[in-house]
Amino acid sequence: MQFMNIKQILQNEGYVFKHYESVHSTMDTIKELFNYNKNKLFILADKQVEGKGRRGSFWHSPKGNVYLSFSLEMLIDIKDHFIINAAVALTIAKTIDYICNVSSKIKWPNDIMVNGKKISGLMTEIIKQKNTNYIIIGVGINVDSSPIISKYPTTFTKEINSSFEKINIIELFILNFFKKYKKIEYSVYDSILKEFKNKLLYLNEIINLQLDRSKFIKGRFEDINLDGSIVININGLKQNLYSARIIDDRN
């Protein structure tokens, strides 16, 4: 009964809805279910025992927050898959803005920030089954609490506005996403990318980037490409970066 509205919305979109009290991670669970040929899936968990962050890092996932994963058949060219990533990030940002009455920012590549603090994150992965490519998306939104991370402040929705419950946030996210996804189905990429740029944190500013454990660079964050790479201007020389971490200390 608790998830009746959510289940109905997803059924209207052709999705199978699965709710779990606890999983290792929603991304692992959705991949396991793919083995049973259930390809249009939406997984929701109350908590994750081994929640995944970027690059396989552990993400603390206690009860009370949003942990979900869902799948999409890749109806677009695989090289354009970042536009789905952008659509999901914008959906989260729009949902957070409405709930918290704020203007959130997207910190490249996948963090949603409110007042300089992380409130949400996402990850995507492409998998193949029977010669068909699918993209699976994982979303975490801090609702009741947020993890304490050294040198990376976090926040949660109820710290800003306690009137919205988790179920309201999930329902709003789903409704917002499928509206946004219609544009992708009609190949309207430009408006999504433009909206994404308008939400980008540090765009047109000098930033520090960590490429690996020991390599750091500094340059102006000038643009983002359709493939998700960012354009960094280092002393007049532009280069595209596909993977890096933006360091907050830009001095």
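As the structure is a prediction and not an experimental result, all values here were calculated from the model.
Tyr98 OH: 12 or fewer foreign heavy atoms inside a 6.0 Å radius. More than 12 heavy atoms of other shown residues, nucleotides or ligands fall within 6.0 angstrom of atom CG in Asp77. Applying the 6.0 Å contact sphere to NZ of Lys179 captures no more than 12 heavy atoms from other residues, nucleotides or ligands. Heavy atoms from other residues, nucleotides or ligands lying under 6.0 Å from CG of Asn235 number 12 at most. Heavy atoms from other residues, nucleotides or ligands lying under 6.0 Å from CG of Asn115 number 12 at most. In the displayed structure, Leu75 atom CG is contacted under 6.0 Å by more than 12 heavy atoms of other residues, nucleotides or ligands.
Closest approach of Ile92 to Ser120, counting heavy atoms only: CG2-OG, 3.3 Å. The two residues Ala45 and Val23 come nearest to each other via the heavy atoms CB-CG2, 3.6 Å. The two residues Ile43 and Leu33 make their nearest non-hydrogen contact at CD1-CD1, 3.5 Å. The shortest non-hydrogen separation linking Asp223 to Phe221 is O-CE1, 3.3 Å. Here the shortest heavy-atom pairing between Tyr134 and Glu73 reads CD2-CA, 3.5 Å. Heavy atoms only, all atoms of each residue included: Pro147 and Thr154 are closest at O-OG1, 2.6 Å.
Under the 4.5 Å side-chain criterion, counting only non-hydrogen atoms from C-beta, Val139 is not in contact with Phe177. Side chains of Ile112 and Lys118 form no contact here, defined as non-hydrogen atoms less than 4.5 Å apart. For the pair Leu211 and Phe216, the minimum side-chain heavy-atom distance is 4.5 Å or more. Counting only heavy atoms from C-beta outward, the side chains of Leu90 and Ile192 approach each other to under 4.5 Å. Side-chain contact between Ile246 and Asn208 is absent, with no heavy atoms from C-beta onward closer than 4.5 Å. For the pair Arg245 and Leu209, the minimum side-chain heavy-atom distance is 4.5 Å or more. Using a 4.5 Å heavy-atom cutoff, the side chains of Glu205 and Tyr202 are in contact. Looking at heavy atoms from C-beta onward, Asn65 lies out of side-chain contact with Lys166 at the 4.5 angstrom threshold.
The cluster map of Ile, Leu, Val, Met, Phe, Trp and Tyr, joined by side-chain heavy atoms under 4.5 Å apart, puts Phe42 and Leu175 in the same cluster. A single hydrophobic cluster is seen to contain both Ile207 and Leu203, as judged by linkage of ILVMFWY side chains at heavy-atom distances under 4.5 Å, directly or through other members. Under the 4.5 Å side-chain contact rule for hydrophobic residues, Val188 and Ile84 do not share a cluster. Note: the hydrophobic cluster containing Val231 does not contain Ile206 (ILVMFWY, side chain heavy atoms under 4.5 Å, direct or indirect links). Following chains of ILVMFWY side-chain contacts shorter than 4.5 Å, one cannot reach Ile76 starting from Tyr186, and the two form parts of different hydrophobic clusters.
The only member of Ile170, Ile96, Leu122 that meets side chain to side chain contact (heavy atoms under 4.5 Å, CB included) when paired with Ile141 is Ile96. Checking Asn176, Asn168, Thr157 one by one against Thr95, the side-chain hydrogen bond (donor to acceptor under 3.5 Å, both in side chains) holds for a single residue, Asn176.
A salt bridge does not link Asp111 to Lys105: none of the charged side-chain nitrogens sits closer than 4.0 Å to a carboxylate oxygen. With salt bridges taken as basic N to acidic carboxylate O contacts below 4.0 Å, none links Lys180 and Glu185. Lys183 and Asp190 are not joined by a salt bridge, as no carboxylate oxygen comes within less than 4.0 angstrom of a charged side-chain nitrogen. The pair Lys47-Glu21 does not meet the salt-bridge criterion, since no charged nitrogen lies less than 4.0 angstrom from a carboxylate oxygen.
Remark: the Tyr242 side chain and the Asn240 side chain contain no N/O donor-acceptor pair separated by less than 3.5 Å. Side-chain contact, His19 with Asp46: a donor N or O sits under 3.5 Å from an acceptor N or O.
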- Item | Pair Tyr15-Lys40, side-chain contact (heavy atoms from CB on, under 4.5 Å): steps then yes or no | CA-CA 5 Å; Tyr15 273 76; Lys40 214 168 182 182; 3.4 Å; yes
- Message: side-chain contact (heavy atoms from CB on, under 4.5 Å), that's the test. Do Gln11 and Phe17 meet it? Break it down for me.
- Response: CA-CA 8 Å; Gln11 282 181 345; Phe17 172 70; over 6 Å; no
- Query: For Lys238 and Glu222, what are the C-alpha separation, side-chain angles and deciding distance, and is it a salt bridge (Lys or Arg N to Asp or Glu O under 4.0 Å)?
  - Reply: CA-CA 9 Å; Lys238 295 183 181 182; Glu222 291 196 343; 3.3 Å; yes
- Hey, mind stepping through Tyr20 and Leu44 against side-chain contact (heavy atoms from CB on, under 4.5 Å) and telling me if it holds? CA-CA 6 Å; Tyr20 299 87; Leu44 179 66; over 6 Å; no
- Task: Check the pair Val143, Lys158 against side-chain contact (heavy atoms from CB on, under 4.5 Å), reporting the backbone distance first and the verdict last.
- Result: CA-CA 6 Å; Val143 178; Lys158 287 191 176 180; 4.2 Å; yes
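At least one donor-acceptor pair under 3.5 Å links the side chain of Trp108 to the backbone N or O of Gly228. At least one donor-acceptor pair under 3.5 Å links the side chain of Gln210 to the backbone N or O of Asp212. Formation of a donor-acceptor pair under 3.5 Å by the Asn110 side chain with backbone atoms of Gly121 is not found in this model. Side-chain atoms of Asn225 never come within 3.5 Å of backbone atoms of Asp227 as a donor-acceptor pair (strictly under, hydrogens ignored).
Taking the six-membered ring where the residue is Trp, the centroids of Phe82 and Phe196 are separated by under 6.0 Å.
Rounding to the nearest 0.5 Å places OH of Tyr67 at 12.5 Å from OG of Ser25. Met113 CE to Ser104 OG: the interatomic distance, rounded to the nearest 0.5 Å, is 10.5 Å. Rounding to the nearest 0.5 angstrom, the gap separating the CE atom in Met123 from the CG atom in Asn85 is 10.5 Å. In this structure, the separation between CD on Glu159 and OG on Ser146 is 6.0 Å, given to the nearest 0.5 Å. Interatomic distance, CG of Asn161 versus CD1 of Ile99, reported as 8.0 Å (0.5 Å rounding). Taking OG from Ser71 and CD from Gln129, the interatomic distance works out to 10.0 Å, rounded to the nearest 0.5 Å.
Listed by chain and number, the residues in a side chain to side chain donor-acceptor pair (under 3.5 Å) with Ser69 are Thr26 (sequence neighbours excluded).
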